[in-house]
Amino acid sequence: MQLETFFAGFGGQGIMSIGQFLAKTAMQEGQQVVWLPSYGPEMRGGTAYCTVVVSDEPIGSPIISSPKALVVLNRPSMDKFAPRVKSGGTIIVNSSLIEVTSERGDVDELLVPANDIAIECGSPRSTNMVMLGAFVGRTGIVQIKNLKSFVQKKFSGTVAEVNVNAMMAGHRLGCKR
């Protein structure tokens, strides 16, 4: 089993963080992992994406041109990366900011109103955590209890609580079919 995923959005949306959270949780579970960041020239507000490859076997290359999954937080990233997802793959879309779908019948596409859910959970800054939860719920790539534990160790107090609640709300949506 190998799952190649692009996490994509604007700089400042926490794209790199959720990629790292997934990668580190998968490593703790004994998986082989590659995390490869890529930034646009503008940094904050510019394009940012990372590739995360999780496998139960050694990974041949960190360079992926057609991922099996895409977690996308903004429209420019949707336009750029959705056509590259492999047939049969998964696209998780932040429908709060992206008002279109990929229009692909050959992928599993989940629309998540992530900004709205994050605000309901207590902070618009936890939008990325909603998306990460939805992705894990949809793919089952790591155990949600292990990801939750990692997030609780990474943050403290109210910030940890808000992020975990946001992630779990996304997870519930991802698990629905």
Side-chain angles (χ1 to χ4, degrees), residues 1-9 12-38 48-62 64 67-73 81 85-86 88-94 107-177:
M1 175 284 310
Q2 179 167 303
L3 180 62
E4 310 95 9
T5 306
F6 285 174
F7 291 88
Q13 286 185 301
I15 299 299
M16 301 304 162
S17 295
I18 61 174
Q20 287 180 345
F21 292 173
L22 175 64
K24 290 180 180 181
T25 301
M27 280 180 17
Q28 289 175 349
E29 291 183 358
Q31 299 285 347
Q32 301 290 313
V33 177
V34 169
W35 173 77
L36 187 63
S38 178
Y49 77 96
C50 66
T51 303
V52 179
V53 182
V54 177
S55 179
D56 55 4
E57 297 179 6
I59 298 166
S61 172
I64 304 296
K68 185 75 172 170
L70 171 65
V71 177
V72 62
L73 277 76
F81 295 114
V85 175
K86 290 178 183 173
T90 301
I91 302 175
I92 311 291
V93 179
N94 178 5
V107 296
D108 172 31
E109 188 165 11
L110 176 64
L111 305 179
V112 178
N115 289 67
D116 302 330
I117 293 169
I119 290 168
E120 288 173 14
C121 290
S123 174
R125 296 186 68 193
S126 62
T127 298
N128 62 337
M129 298 304 291
V130 175
M131 295 297 286
L132 178 60
F135 173 73
V136 170
R138 195 55 136 210
T139 63
I141 191 66
V142 295
Q143 293 183 38
I144 193 64
K145 68 177 183 172
N146 294 336
L147 183 58
K148 180 180 174 181
S149 176
F150 182 83
V151 170
Q152 288 171 326
K153 290 175 187 170
K154 184 75 176 166
F155 300 107
S156 62
T158 305
V159 175
E161 183 179 337
V162 167
N163 278 304
V164 166
N165 289 341
M167 183 181 65
M168 297 309 292
H171 187 262
R172 286 188 292 277
L173 279 178
C175 288
K176 291 181 182 177
R177 294 267 177 184

*In chain order, what residues pass the side chain to side chain contact (heavy atoms under 4.5 Å, CB included) check against Leu36, with sequence neighbours excluded?*
Thr51, Pro62, Ile63
*Find out whether Thr5 and Pro67 are in side-chain contact, i.e. whether some heavy atom of one side chain is under 4.5 Å from a heavy atom of the other.*
no
*Is Lys148 close to His171 at the side-chain level, that is, under 4.5 Å between some pair of heavy atoms?*
no
Donor-acceptor contacts under 3.5 Å from residues 151-162 side chains, at least two apart:
none

Rounded to the nearest 0.5 Å, what's the gap from [atom1] on [X] to [atom2] on [Y]? Could you check?
X      : Y      : atom1 : atom2 : value
Ile64  : Gln2   : CD1   : CD    : 6.0 Å
Ile91  : Lys68  : CD1   : NZ    : 11.5 Å
Met167 : Cys121 : CE    : SG    : 11.0 Å
Met129 : Asn163 : CE    : CG    : 5.0 Å
Ser55  : Gln31  : OG    : CD    : 7.0 Å
Ile117 : Leu173 : CD1   : CG    : 4.5 Å

Minimum heavy-atom distance [X]-[Y], with the two atoms named:
X      : Y      : value
Thr127 : Ala114 : CG2-CB, 3.6 Å
Ser126 : Ala118 : OG-CB, 3.4 Å
Val107 : Val85  : CG1-CG1, 4.2 Å
Ile92  : Met131 : O-CE, 3.5 Å
Leu73  : Gly9   : CB-CA, 4.3 Å

*Backbone of Met1 reached by a side-chain donor or acceptor of Asp56 within 3.5 Å*: yes
Distance-only donor-acceptor pairs under 3.5 Å for side chains of residues 14-29, two or more places apart:
| residue | atom | partner | partner atom | Å |
| --- | --- | --- | --- | --- |
| Thr25 | OG1 | Phe21 | O | 2.8 |
| Glu29 | OE2 | Gln143 | N | 2.9 |
| Glu29 | OE2 | Asn146 | ND2 | 2.7 |

*asked:* Pair Leu147, Ile144 - check side-chain contact (heavy atoms from CB on, under 4.5 Å), show working.
replied: CA-CA 5 Å; Leu147 183 58; Ile144 193 64; 4.2 Å; yes
*List for me each residue that meets side chain to side chain donor-acceptor pair (under 3.5 Å) alongside Asn115, sequence neighbours excluded, and say none if there are none.*
Asn94
*Who are the ring pair (Phe, Tyr, Trp, His ring centres under 6.0 Å) partners of Tyr49, not counting sequence neighbours?*
Phe6, Phe81
